[in-house]
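Step one of this worksheet: look at the structure below.
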Amino acid sequence: MLEDWLQQIEEASSLEALEAARVRLLGKKGELTQKLKQLGKLPPEARREEGRRLNEAKRALEAAILTRREALKREALGARLAQEALDVTLPGLAFPPGNTHVLTQVLAELVGIFQRMGYQAVLGPEAEEAFYNFDALNIPEHHPARDMHDTFWLTTTPKTSQIEGAKLLRTHTSPIQVRYMSQHTPPFKIVAPGKVFRHEATDATHEAMFHQLEGLVVGDNITMADLKGALLAMARALYGPEAKVNFRPSYFPFVEPGVEFEVWWTNPKTGKGTWLELGGAGMVHPEVFRAVDELRRAKGLAPIYTGKTGFAFGLGVERIAMLRYPIPDIRAFFQNRIPFLTQFRGGA
Ligand code: DAH
């Protein structure tokens, strides 16, 4: 009998089956429990003998159940571990190294060149007030740059800055000049990198968004020679000791005199040199200084710019990157194609 019971426990193939066997044998109505209940019906002699036997059987069953339960638990754990096992011999997932955008690299290089000459890098807002983008820079109300066709206006009645706080996506980084001067005291040298936006059709050399680097130096007795020296130093840092810069007279409302500047650039493939037009520059227009002082007065600051001298420049960043690598289509910068972007992994 005990043999048979022990076998039932031994054969329970799961924890559930084992529990069922336990109830069947030791439960309230279990076989052994029934037998214990019937002890009273036996004559005293037989009762003692049978009682001892049954209690021994009960202890043996309880011990067997415990042992079997532990074994089943171990089996279940073993099965789960086997199922969830990681094959550590599989090759891992590759995490390709990231890299900064090629334009970020070129901008960082440009800013670095000027920082080593003592310039400080500053930033301005991309959503700019018409006053800073145009008026304070001596760009009058009728100037074509203000037209809807040229500018992304963010306020509904465009063109005029008579509307208090009229905003637009800045069309150049020059408004940072005004923002900086209205809060700082010369002498200083700053460069301001950033995105600019023009409402125009896109093609291989035009994008509605591109990057500029603005420069501004204000102090006493600053001259065109200082401007040319700064740009020549930049050109040499970019293109080597043979680099040259050239000024051509031009017009920008916020400088006088104004120039477009070119850098002598040698195509690394053909070995041929050409003048490369990089941007605009000039001596800060007295009207800009006047507007800044007016702004300072309105803010309760001392007007200190009248009589100062300074130069400013602004250049396009995409152009420099396109010629260097070379990149034939400006749109490639902003299409976010991984094969294009990862070509510049070697950079900063
Ligand atoms: N802001 C001008 C543009 O986007 C570029 C420029 C010209 C900037 C002359 C200057 C400057 O600082 O002096 O076309």
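Counting starts at 1 for both ligands and their atoms, following the listed order.
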- Item | Where ligand 1 meets Gly314 - atom numbers and elements under 4.0 angstrom, heavy-atom basis | 8 (C), 10 (C), 12 (O)

- Message: List the residues meeting salt bridge (Lys or Arg N to Asp or Glu O under 4.0 Å) with Glu207, not counting sequence neighbours, and say none if there are none.
- Response: none

- Item | Donor on one side chain, acceptor on other, Thr171 and Asn133, under 3.5 Å | yes

- Which ligand 1 atoms are under 4.0 Å away from a heavy-atom of Ser174? 1 (N), 8 (C)

- Any heavy atom of Ala312 under 4.0 Å from ligand 1? The part involved is both

- Would you call Arg53 and Glu50 a salt bridge, using N to O less than 4.0 angstrom? yes

- Item | Subset of ligand 1 atoms that lie under 4.0 Å from at least one heavy atom of Gln177 | 12 (O)

- Do you see a donor-acceptor pair shorter than 3.5 Å between the side chains of Glu318 and His211? yes

- With a 4.0 Å heavy-atom cut-off (strictly under), which part of Phe254 contacts ligand 1: side chain, backbone, both or neither? side chain

- Query: Short list, please: which atoms of ligand 1 are under 4.0 Å from a heavy atom of Gly282?
  - Reply: 13 (O)

- Task: For ligand 1, indicate whether the residue Arg198 contacts it via side chain, backbone, both or neither (heavy-atom separation under 4.0 Å).
- Result: side chain

- Message: So for Gly279, does at least one of its heavy atoms come nearer than 4.0 angstrom to any atom of ligand 1?
- Response: no

- Message: Using heavy atoms and a 4.0 Å limit, tell me yes or no: is Gln212 in contact with ligand 1?
- Response: yes

- Message: Looking at Arg319 and Glu277, is there a salt bridge between them, counting it only when a charged N and a carboxylate O are closer than 4.0 Å?
- Response: no

- Item | Polar contact flag for Glu214 and ligand 1 (N/O pairs, less than 3.5 Å) | yes

- Is there a donor in the side chain of Gln7 and an acceptor in the side chain of Glu11, or the other way round, less than 3.5 Å apart? yes

- Interatomic distance, CZ@Arg22 vs CD@Glu19, rounded to 0.5 Å, equals 4.0 Å

